[in-house]
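Here is the structure we will look at.
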Amino acid sequence: MTKFEIPPEHPRAESLHIREKLIENFHRKAVAEAGLIAHGRGEAFDYLLGETTTRHASDAIMTAASSLLTAERPVISVNGNTAALVPNEVVQLAEIARAKIEVNLFYRSLERELAIKELLAKAGAQELLGIGLEASAKISELGSERRHVDPRGILAADVVMVPLEDGDRTEALVNMGKKVIAIDLNPLSRTSQKATITIVDNVVRAMPRLVKAATELEGEKEVRRKILLNFDNTRNLAETITLIQQRLSSLAEKGRYLSLENESREF
Ligand code: ATP
């Protein structure tokens, strides 16, 4: 379905591949129009982070894995972008953490839910909650379509992981007493600010690392307890923002930091 070949040496090849995947799944109805725009907002922050998983993100990933493994009723909430970009990792993480997977959409339609179900089924998911009338419970303080939740999933969950979320629902879930794990490239978004554990990273980098962390921490109850005890989300966010600030300051000193190949040094 890829419309054009992306040369492997292209400096932004990986980013372009991700875009192609989203566009492809937009045409398959899994990704919403707004999902394409939301991705662009994320990409802008990824530039500022240097398109890398910071050590603060790594700490949050270890904490998130500990939280999911320690939870009694963990749920991974999935939207179109997540299903398009990291379906295999969602299924793998759910298996390791014994978590349920629930589809929850801002732009909800049965067509999109079924397109997402197909993506996850292809990745090996046995069960997907929240489809159609199965999302029969409501989060009363939410006005958007995201208020519809599955009584066997998000409604009953103690820990909800919400990659690529909107701030309203994060806040509502936290107010319901749930621990919320967010993955969001923007440390300033309401989601990042309101979540219990915020992983400021690209979902395509964070999810494989989460699977690895969960595999390593399975059976390590005491290690997980210590990780959870030592983590402070506000401090982690502050350090991430400081890191961006320092990176920008250092780039600002250089001004133009990319040089052209045949750049003439004489004026
Ligand atoms: P909020 O309601 O939390 O303030 P928002 O309105 O800024 O969020 P949305 O448009 O709901 O944001 O969702 C986009 C969010 O998802 C952005 O914060 C963006 O940084 C993040 N995002 C988009 N793509 C990715 C990605 N691949 N990995 C991680 N985060 C991403």
Side-chain angles (χ1 to χ4, degrees), residues 12-26 30-54 56-61 63-64 76-90 93 103-108 112 116 119 139 141-147 160-175 178 180-211 233-234 236-237 240-241 243-244 247-248:
R12 311 216 51 76
E14 204 177 326
S15 159
L16 292 176
H17 279 298
I18 295 172
R19 284 187 183 182
E20 279 300 303
K21 218 183 258 186
L22 286 173
I23 293 168
E24 194 179 308
N25 283 289
F26 166 74
V31 170
E33 276 173 340
L36 300 178
I37 298 168
H39 182 74
R41 186 175 286 173
E43 279 182 329
F45 280 93
D46 214 4
Y47 242 95
L48 303 184
L49 283 165
E51 295 173 303
T52 182
T53 300
T54 67
H56 310 299
S58 297
D59 287 349
I61 286 169
T63 312
I76 302 174
S77 175
V78 172
N79 68 0
N81 286 35
T82 307
L85 295 179
V86 284
N88 296 324
E89 290 81 359
V90 166
L93 185 61
V103 60
N104 185 276
L105 307 175
F106 194 90
Y107 299 96
R108 190 186 176 88
R112 280 194 68 215
I116 289 168
L119 283 171
I139 301 178
E141 61 182 270
L142 275 184
S144 77
E145 285 299 303
R146 282 197 171 235
R147 70 184 179 278
V160 188
M161 185 166 134
V162 291
L164 318 186
E165 184 57 33
D166 69 90
D168 293 343
R169 193 167 72 116
T170 304
E171 189 168 10
L173 293 173
V174 169
N175 287 345
K178 300 177 194 303
V180 177
I181 300 165
I183 304 177
D184 193 330
L185 279 160
N186 176 6
L188 309 174
S189 76
R190 290 174 307 153
T191 303
S192 287
Q193 295 286 319
K194 301 281 179 182
T196 321
I197 301 166
T198 309
I199 302 167
V200 181
D201 199 7
N202 197 318
V203 75
V204 300
R205 292 193 300 267
M207 282 300 287
R209 285 171 168 80
L210 253 169
V211 172
N233 205 44
T234 307
N236 194 276
L237 280 168
T240 304
I241 295 165
L243 198 114
I244 293 175
R247 184 162 186 272
L248 289 180

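Start at 1 and go down the list; that is how both ligands and their atoms are numbered. Along the sequence shown, residues are numbered consecutively beginning with 1. Being a predicted model, the structure only gives us computed values, none of them experimental.
- At a threshold of 4.5 Å between non-hydrogen side-chain atoms, the residues T54 and L49 count as touching.
- Atom CZ of R19 sits in a sparse spot, with 12 or fewer heavy atoms from other residues, nucleotides or ligands closer than 6.0 Å.
- For atom 25 (C) of ligand 1, the nearest non-hydrogen atom from the set L164, I199, L22, V162 comes from L164.
- Of the N or O atoms in N202, one or more lie within a sub-3.5 Å distance of an N or O in ligand 1.
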R146 vs D168, test: side-chain contact (heavy atoms from CB on, under 4.5 Å). Steps then yes/no.
CA-CA 9 Å; R146 282 197 171 235; D168 293 343; over 6 Å; no
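- The shortest N or O to N or O distance between G167 and ligand 1 is under 3.5 Å.
- Taken to the nearest 0.5 Å, the CD1 atom of I181 stands 4.5 Å off from the CD1 atom of I197.
- Between L85 and ligand 1, no N or O atom pair is found at a separation short of 3.5 Å.
- Polar contact with ligand 1: absent for F45 (N/O pair, distance under 3.5 Å).
- Close approach of ligand 1 to T191 is summarised as follows: ligand atoms under 4.0 Å from at least one heavy atom of the residue are 1 (P), 3 (O).
- Other residues, nucleotides and ligands contribute at most 12 non-hydrogen atoms within 6.0 Å of the OH atom of Y107.
- Nearest protein heavy-atom contact of atom 28 (N) of ligand 1 is V203 N, 2.9 Å.
- Between the side chains of S77 and R169, at least one donor N or O lies within less than 3.5 Å of an accepting N or O.
- Ranking the protein heavy atoms by distance from atom 11 (O) of ligand 1 puts E165 O, 3.8 Å first.
- Residue contacts with ligand 1: R190 is placed with a nitrogen or oxygen under 3.5 Å of a nitrogen or oxygen of the ligand (distance criterion only).
- The number of heavy-atom neighbours closer than 6.0 Å to CD of E14, taken from other residues, nucleotides and ligands shown, is 12 or below.
- Regarding atom 8 (O) of ligand 1, its nearest protein heavy-atom neighbour is S189 CB, 4.0 Å.
- Among I183, V200, D184, the residue whose heavy atom lies nearest to atom 18 (O) of ligand 1 is D184.
- Those atoms of ligand 1 that come under 4.0 Å of a heavy atom in D201, given as number and element, are 28 (N), 29 (C).
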For side-chain contact (heavy atoms from CB on, under 4.5 Å), just list the numbers for V162 and K178, CA-CA rounded to whole Å, side-chain angles, deciding distance to a tenth of an Å, and then say yes or no. CA-CA 12 Å; V162 291; K178 300 177 194 303; over 6 Å; no
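- Of all protein heavy atoms, the one lying nearest to atom 13 (O) of ligand 1 is A38 CB, 3.9 Å.
- Heavy-atom contacts of H39 reach the following atoms of ligand 1: 23 (C), 24 (N), 27 (N) (cutoff under 4.0 Å).
- For the atom pair CG of L210 and OG1 of T63, the computed distance is 10.0 Å after rounding to the nearest 0.5 Å.
- For ligand 1, the atoms closer than 4.0 angstrom to any heavy atom of N186 are 18 (O), 20 (O).
- Among all non-hydrogen protein atoms, the one lying nearest atom 5 (P) of ligand 1 is R41 NH1, 3.1 Å.
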Could you walk me through whether Q193 and L237 pass the side-chain contact (heavy atoms from CB on, under 4.5 Å) test, one step at a time?
CA-CA 8 Å; Q193 295 286 319; L237 280 168; 4.3 Å; yes
